[in-house]
Amino acid sequence: MSANHPGTPATGTLLGIWAHPDDEAFLSAGLMALARKAGERVVVATATRGESGTTDPTRWPLEQLAQVREQELARSLAVVGVSEHRWLGHRDGALAGVRRAAAVAQTAALLEEVRPDTVVTFGPEGMTGHEDHRTISDWVTRAWHETGRTCRLWYATLTPGFHRTWGGLNDEIGLWFPGASPPVTRPDELAARVECTGRLSDLKHAALRAHASQTDGLVRTVGEDRFRRWWAVESFVSAQLATAQKEASHASR
């Protein structure tokens, strides 16, 4: 991988704000790796330790899961060259119950501390529809407005091609939460797109596999090769465009 990897987005200082350990790897490991290769500062903030996130409590006991996932996250970030991380200190699955004003103030303080050029997070739909994901998007978006929108805000999104290629698999594993409206953005409307190929694909795959408590079961279900290709393209849409499209959609109803 080189700094002139095809389609390398110019992020400047990059801040990712996510709900759980592994969100950052699925949706932005390639972007982070390219930013670090280009010499940019990359910081990741995670709202919870993902202490409720297991479908195999025998292998991953809940009382040990927070510590396990902390270690997994550290290993995953190291793969892509990221050494700066912040925990926001909230409970897994409970973000919607946090007092909104306090959470937005905490997020705004993070923006003011890091002073990023680009922030990446979930869109309002929370990608899969997970309530924690949707709540993080709300906090970040509100904090971005309150701090004067001094940086770019990009939402992780998906393209029609992703849905065509992987729709069957997504339905098979139950990726979408009930009532979810997965994001879809045309390629020509993207703010940034990262295609993980070659060495970048290896880094992305390693970053994901470092989250073994979350990815081992998926790999057993879908196979290593399909798992590697499944999230190999990372897509982002600007918050401004996403908001304008949502407003236009509502106005046309």
- Task: Could you check whether the rings of Trp176 and His163 sit parallel, tilted or perpendicular, using 30° and 60° as the cut-offs?
- Result: tilted
- Query: Got Asp216 and Arg59 here, is their nearest side-chain heavy-atom distance under 4.5 Å?
  - Reply: yes
- Given side chains that start at C-beta, do those of Leu15 and Leu111 come closer than 4.5 Å, heavy atoms only? yes
- Item | Donor on one side chain, acceptor on other, Arg209 and Thr215, under 3.5 Å | yes
- Taking all non-hydrogen atoms of both residues into account, name the closest pair between Ala108 and Ala143 and its distance. N-CB, 3.6 Å
- Out of curiosity, does Leu241 fall in the hydrophobic cluster containing Trp154 (side-chain heavy atoms, cut-off under 4.5 Å, transitive links)? yes
- Between His85 and Thr46, is any side-chain donor less than 3.5 angstrom from a side-chain acceptor? yes
- Message: Using every non-hydrogen atom in the two residues, find where Cys196 and Lys204 come nearest and quote the distance to one decimal.
- Response: SG-CD, 4.0 Å
- Task: Hey, could you give me each pair passing side-chain hydrogen bond (donor to acceptor under 3.5 Å, both in side chains) that has a residue in residues 96-124? Not counting sequence neighbours.
- Result: Arg86-Glu113, His90-Gln106, Arg100-Asp138, Thr118-Arg152
- Task: Give the minimum heavy-atom separation between Asp132 and His130, together with the two atoms involved.
- Result: N-ND1, 2.9 Å
- Query: Do Leu153 and Thr141 touch side chain to side chain, with heavy atoms closer than 4.5 Å?
  - Reply: yes
- Query: Say you draw a straight line from NE2 of His133 to CG of Leu27; how long is it, rounded to the nearest 0.5 Å?
  - Reply: 8.0 Å
- Message: Testing the basics here: between Ala180 and Gly129, what is the closest heavy-atom pair and its distance to 0.1 Å?
- Response: CB-CA, 3.9 Å
- Message: With no hydrogens and no angle check, just 3.5 Å: does a side-chain donor-acceptor pair link Tyr155 and Thr185?
- Response: no
- Query: Do the ring planes of Trp231 and Phe26 sit parallel (below 30°), tilted (30 to 60°) or perpendicular (above 60°)?
  - Reply: perpendicular
- Item | Contact check, side chains of Trp144 and Glu146, non-hydrogen atoms, under 4.5 Å | no
- Taking a hydrophobic cluster as the set of Ile, Leu, Val, Met, Phe, Trp and Tyr residues connected by side-chain heavy atoms closer than 4.5 Å, whether directly or through intermediates, do Val140 and Val98 fall within one such cluster? yes
- Contact summary for Glu195 and Leu200, nearest pair of heavy atoms: O-CD2, 4.0 Å
- Distance (rounded to the nearest 0.5 Å) between Leu110 CG and Trp139 CH2: 12.0 Å
- How long is the span from the CG atom in Leu31 to the OG atom in Ser235, to the nearest 0.5 Å? 11.0 Å
- Task: Report yes if some heavy atom in the side chain of Pro21 is under 4.5 Å from a heavy atom in the side chain of Ser76; otherwise report no.
- Result: no
- Message: Can a donor-acceptor pair be found, under 3.5 Å and without considering hydrogens, that links the side chain of Thr48 to the backbone of Gly50?
- Response: yes
- Salt-bridge test for Glu84 and Arg41: reply yes if a basic N is under 4.0 Å from a carboxylate O, no otherwise. yes
- Could you state the interatomic distance from OG (Ser137) to CD (Glu125), rounded to the nearest 0.5 Å? 7.0 Å
- Task: Evaluate the side chain to side chain contact (heavy atoms under 4.5 Å, CB included) criterion for residues Val114 and Thr13: first the C-alpha distance (whole Å), next the side-chain angles of each, then the deciding distance (0.1 Å), finally the verdict.
- Result: CA-CA 8 Å; Val114 176; Thr13 295; 4.2 Å; yes
- Message: Tell me whether Arg229 at atom CZ has more than 12 heavy atoms from other residues, nucleotides or ligands lying less than 6.0 Å away.
- Response: yes
- Does the pair Arg193 and Glu234 meet the rule for a side chain to side chain contact (heavy atoms under 4.5 Å, CB included), with working shown? CA-CA 6 Å; Arg193 179 180 184 274; Glu234 300 169 359; over 6 Å; no
- Query: Is there side-chain contact between Leu14 and Val120, with at least one heavy-atom pair below 4.5 Å?
  - Reply: yes
- Query: Any chance CZ of Arg91 has more than 12 other-residue heavy atoms, nucleotides or ligands included, within less than 6.0 Å?
  - Reply: no
- Query: Same hydrophobic cluster for Trp166 and Val233, using side-chain heavy-atom links shorter than 4.5 Å among ILVMFWY?
  - Reply: no
- Distance col, row Gln71:CD vs His211:NE2, nearest 0.5 angstrom, shows 12.5 Å
- Could you give me the CA-CA distance, side-chain angles and deciding distance for Met32 and Thr11, then say whether side chain to side chain contact (heavy atoms under 4.5 Å, CB included) is met? CA-CA 9 Å; Met32 291 190 295; Thr11 62; over 6 Å; no
- Task: Using a 4.5 Å cut-off on heavy atoms from C-beta on, say whether the side chain of Arg49 contacts that of Trp87.
- Result: yes
- Item | Residue pair Val79 / Ala206: nearest heavy atoms and the distance that separates them | CG1-CB, 3.9 Å
- Query: If we only count heavy atoms from C-beta on, is the Arg228 to Ser201 side-chain gap below 4.5 Å?
  - Reply: yes
- Task: Check whether the ring centres of Trp230 and Phe162 lie less than 6.0 Å apart, and answer yes or no.
- Result: no
- Do Leu190 and Val194 share a hydrophobic cluster, counting only Ile, Leu, Val, Met, Phe, Trp and Tyr and linking them when any side-chain heavy atoms are less than 4.5 Å apart? no
- Item | Separation of Glu72 CD from Leu77 CG (nearest 0.5 Å) | 11.5 Å
- Item | Side chains of His20 and Gln214, donor plus acceptor under 3.5 Å | no
